[in-house]
Amino acid sequence: MNNGIRKIAVLTSGGDAPGMNACIRAVVRAASGQSIEVVGFLQGYRGLLDNLQTPLGRREVGNIIQRGGTILGTSRCQEFMTPQGRARAAENLRKADVDALVVLGGNGSFQGAHALATECGVRVIGVPCTIDNDLVGTEYTLGFDTAVNVALDAIDRIRDTAESFERLFFVEVMGNTCGDIALEVGVAGGADEVLLPESPTDIEVLCEHLHLGFEHGRRSSIVVVAEGGFPGGAFGVAQQVWMRLRADYRVCVLGHIQRGGSPTARDRVLGSKLGSSAVEALAAGHEGCMVGQIDGNISLTPLERTWNEHREVDRSLLELAHRLTH
Ligand code: F6P
């Protein structure tokens, strides 16, 4: 039964994402339903190296589903990136009688998990947790929906002041090298322009569009800039536009605001599904893969595919964004 899994460990690693707590709760409760013990490691891979453990039972994960961040804490641990560090981590897992590890994180965390599995034989399952939505093997990563909604709320507010002042605003959103947050927020927020890493910006064309918009009576403009969508981000593009149009502008970098706060219903549901499915997958004998959701169904993808393969931006949404703004 359970393929010899009596005890699993769970940790959260890399950038925290809203919905991680819902996922931890689901891991613990799904495991408890299968009489599998759960231990949490604190501060991501740092906790594996320093043996920072906390037992997780059904009670310990009560009243956390609505909380942002991660109750386990997180880190980007340099030492874990070395084979020596990973060997120490594997040794700590063995000493703790852990049969398998569930890693909640993004591409960097999965690279670490994959190395731990291949070098040290640790059974691992990844759960895609990052606001960036930059992994292959799932339509949405956990935290993306909340980040989009937080950014959208900010843009609605910025629009009020932009319109009152008849100003041009450049709003920078997160996403690392992926433009998904910018694209969704741009479409949902009715932005006048969306600049993405996946679609190079011609600054002359951008200025012409902005100029024509104002000529045709537009009172204000919102340009959503993905981090990585233009050299120098929102400040970089604002400067280039100023040099050409001399239009009064303001820059707003939303930054970590997008990563905090209570998860949306969609992220809570996704976290619950993925956490529970991760335990089921381990109990069914799967390992070395990420549990994701495609077309509403749970899917398993080998860990190395999740970051090695190129994730395409939604071209039809990008075209729609252009059609509706220009
Ligand atoms: O991966 C999530 C993310 O928020 C990215 O969007 C961003 O580039 C990065 O993390 C910021 O990292 P840090 O919190 O270490 O500054």
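When reading the values below, keep in mind they use all heavy atoms of this one structure, side chains included, and skip hydrogens, waters and symmetry mates. When a ligand or atom number is given, it counts from 1 through the structure's own listing order.
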Under 4.0 Å between a side-chain nitrogen and a carboxylate oxygen: does that hold for [X] and [Y]?
X	Y	value
D99	R6	yes
D248	R167	yes
E91	R88	no

So which protein heavy atom does [atom] come closest to, and at what separation?
atom	answer
atom 12 (O) of ligand 1	R76 NH2, 2.9 Å
atom 7 (C) of ligand 1	E227 OE2, 3.2 Å
atom 16 (O) of ligand 1	H256 NE2, 3.3 Å
atom 3 (C) of ligand 1	R259 NH1, 3.5 Å

- [ ] Could you tell me whether Q258 approaches ligand 1 through its side chain, its backbone, both or neither, with non-hydrogen atoms closer than 4.0 Å?
- [x] neither
Open item on the list: Quiz question: by atom type and distance under 3.5 Å, do the side chains of S316 and D314 form a donor-acceptor pair?
Closed with: yes
Open item on the list: Side chains of D16 and T74 only: does a donor on one sit below 3.5 Å from an acceptor on the other?
Closed with: no
TODO: Decide whether an N or O pair under 3.5 Å exists between G175 and ligand 1.
DONE: yes
Open item on the list: If the cut-off is 4.0 Å to any non-hydrogen atom of M174, which atoms of ligand 1 fall inside it?
Closed with: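 Within the 4.0 Å cut-off of M174, ligand 1 contributes 4 (O), 6 (O).
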Open item on the list: Could you check whether any side-chain heavy atom of Y45 comes within less than 4.5 Å of a side-chain heavy atom of L11, counting everything from C-beta outward?
Closed with: yes
- [ ] Going by heavy-atom distance to atom 1 (O) of ligand 1, choose the closest among D132, N107, I131.
- [x] D132
